[in-house]
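The next block holds one structure in the form of structure tokens; read it before the comments.
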Amino acid sequence: MTGPGSYDVARANRDRSSEVDRLRLQAALAWKSESRALESAGLSDGQEVVELGSGPGFYTGQILDRWPAARITCVDRDASLFADARAHLAGRGLDRVTFVHGSADATGLPADRFDFGVARLLFQHLPDPASAAAEAFRIVRPGGSFAVIDADDDLLAIFDPPIPGFAELEKTMAAVQARAGGNRRIGRRLWKILSNAGFSDVTVATAVAHSDEQGIEPFRRQFDIGMLTPLVRAGAMTEEMLKGLEAAAAAYWQNPDVFVMLNYFVVSGRKPSA
């Protein structure tokens, strides 16, 4: 089992509540595009699904709503998030959900068990994503599929007009995440990771969300300056710098012509039939 990786819900924002709220928004932003990509990757109704790094259950709920006969096993190494998930999923198919406290690379689940597996915005935080892909290969049945949805900083966000200094800020965030075992450019590595794990017919797609369709508010909230609080804790930014960025961001979002687009890699493969 690898270490905890570069994500901790209690330290990823101003406070835990702010981060859980951000995750709720994040799960919904590109769902229309992501759900089509998951369907193309092989997810269909009635399947047994495993979700690695399921968190507070927001993505789980969307899968339950879209595929109302699917059953989902949620795996997360932070068991505190299961209480959030149970509250969120109450009345939305909670009886079709099983929670497993475990890591993505050592789930403890039976081999050849699931029709489909998904890991969303998890692999970028793992010190050893190849081990997680190998575990996914083990627990997905022959003929089943696995999909990873994740980011790559060079593709992730388009801002128009550009945000001054954003490229440098991304470099700082990437360096801090790398020190904790993560990789904010994992997207470009996913095809090889899944192929090396044994998956065949590996495909690369993208899922897109943009403000012309959804309005600017969910993107403004997604990029709340509170996300930079971990940089202060890591000594990569001062409180004064954070306050300055907060003021600059407030001015930026006042521009009625701001456009934002988010792009995620969706990389999927199939476990060869025996």
Would you kindly confirm whether Ile216 and Phe159 end up in one hydrophobic cluster when ILVMFWY residues are joined by side chain heavy atoms under 4.5 Å apart?
-> yes
Beyond-backbone contact of Val50 with Ile139, side-chain heavy atoms, under 4.5 angstrom = yes
Under a 4.0 Å N-O cut-off, is there an ion pair linking Asp152 with Arg184?
-> no
Which atoms form the tightest heavy-atom contact between Ala209 and Gln214, and what is the distance?
-> CB-NE2, 3.6 Å
Is there a side-chain contact between Leu64 and Ile72 (heavy atoms, below 4.5 Å)?
-> yes
Begin from the C-alpha positions of Arg92 and Asp65 and carry the test side chain to side chain contact (heavy atoms under 4.5 Å, CB included) through to its verdict.
-> CA-CA 7 Å; Arg92 294 184 63 189; Asp65 291 344; 2.4 Å; yes
Salt bridge between Asp45 and Arg66, side-chain N to carboxylate O under 4.0 Å?
-> no
Between Ser6 and His125, what is the shortest heavy-atom contact and its length?
-> OG-ND1, 2.7 Å
Got a sec: does the CZ of Arg188 have more than 12 other heavy atoms crowding it under 6.0 Å?
-> yes
Under 3.5 Å: donor-acceptor pair, side chain of Thr206, backbone of Tyr264 = no
Give a yes or no on whether a salt bridge exists between Glu34 and Arg120, defined as a side-chain N under 4.0 angstrom from a carboxylate O.
-> yes
Is the ring centre of Trp191 less than 6.0 Å from the ring centre of Phe265?
-> no
Charged N-O contact under 4.0 Å between Glu39 and Arg36 | no
Any side-chain heavy atom of Leu89 sitting closer than 4.5 Å to one from Val97?
-> yes
Beyond-backbone contact of Glu48 with Arg113, side-chain heavy atoms, under 4.5 angstrom | yes
Reported CG-to-CZ distance for the pair Asn13 and Arg22, which is rounded to 0.5 angstrom = 6.5 Å
Name the one of Glu19, Arg77, Gln124, Gln177 that satisfies side-chain contact (heavy atoms from CB on, under 4.5 Å) with Tyr7?
-> Glu19
Charged N-O contact under 4.0 Å between Lys171 and Asp153 | no
In sequence, state the C-alpha distance, the side-chain angles, and the governing distance for Lys192 and Ser195, and then conclude on side chain to side chain contact (heavy atoms under 4.5 Å, CB included).
-> CA-CA 5 Å; Lys192 185 175 290 186; Ser195 294; 5.6 Å; no
Run the salt-bridge test on Lys243 and Glu240 with the 4.0 Å N-O cut-off and return the result as yes or no.
-> no
Considering all heavy atoms of both residues, which atom of Ser54 and which atom of Thr60 are nearest to each other, and what is their separation?
-> CB-OG1, 4.2 Å
Taking the side chain as every heavy atom from C-beta outward, state whether Val148 and Leu122 have any atom pair closer than 4.5 Å.
-> no
Where is the tightest heavy-atom contact between Ala157 and Leu262, given as atom of each residue plus distance?
-> CB-CD2, 4.0 Å
To the nearest 0.5 Å, tell me how far Asp105 CG sits from Arg138 CZ.
-> 10.5 Å
CZ/Arg14 to CG/Asp224 distance, rounded to the nearest 0.5 angstrom?
-> 4.0 Å
Going from CG on Leu23 to NE2 on His88, what distance comes out if it is rounded to the nearest 0.5 angstrom?
-> 11.0 Å
Whether Phe199 and Phe146 hold their rings parallel, tilted or perpendicular, with breakpoints at 30° and 60° = parallel
Would a 4.5 Å heavy-atom cut-off, applied to side chains only, mark Tyr252 and Pro162 as touching?
-> no
Answer yes or no: is there a donor N or O on one side and an acceptor on the other, between the side chain of Thr107 and the main chain of Ser103, under 3.5 Å?
-> no
Side-chain donor or acceptor of Gln47 paired with backbone N/O of Gly42 under 3.5 Å = yes
Could you walk me through whether Ser145 and Ser268 pass the side chain to side chain donor-acceptor pair (under 3.5 Å) test, one step at a time?
-> CA-CA 7 Å; Ser145 299; Ser268 62; over 6 Å; no
Got a sec: does the CZ of Arg189 have more than 12 other heavy atoms crowding it under 6.0 Å?
-> no
State, without any angle test, whether Ser17 and Asp15 hold a side-chain donor-acceptor pair at a distance under 3.5 Å.
-> no
Could you please spell out the steps behind the side chain to side chain contact (heavy atoms under 4.5 Å, CB included) verdict for Leu52 and Asp76?
-> CA-CA 6 Å; Leu52 303 180; Asp76 206 290; over 6 Å; no
Can you find a heavy atom in the side chain of Phe259 that is under 4.5 Å from one in the side chain of Asp212?
-> yes
Output, in order, the C-alpha distance, side-chain angles, deciding distance and verdict of side chain to side chain contact (heavy atoms under 4.5 Å, CB included) for Leu121 and Gln26.
-> CA-CA 10 Å; Leu121 300 181; Gln26 182 195 75; 3.2 Å; yes
Do you know which two heavy atoms are closest between Ile225 and Glu246, and how far apart they sit?
-> CG1-CA, 3.8 Å
Charged N-O contact under 4.0 Å between Arg270 and Asp201 = yes
Ser44 side, atom OG; Leu38 side, atom CG - distance, nearest 0.5 Å = 11.5 Å
Once you round to the nearest 0.5 Å, how far does CG of Leu81 lie from CZ of Arg86?
-> 11.5 Å
Can you get from Leu156 to Ile158 by hopping between Ile, Leu, Val, Met, Phe, Trp and Tyr side chains that sit under 4.5 Å apart?
-> no
Taking C-beta and beyond as the side chain, do Val267 and Asp150 meet within less than 4.5 Å on heavy atoms?
-> no
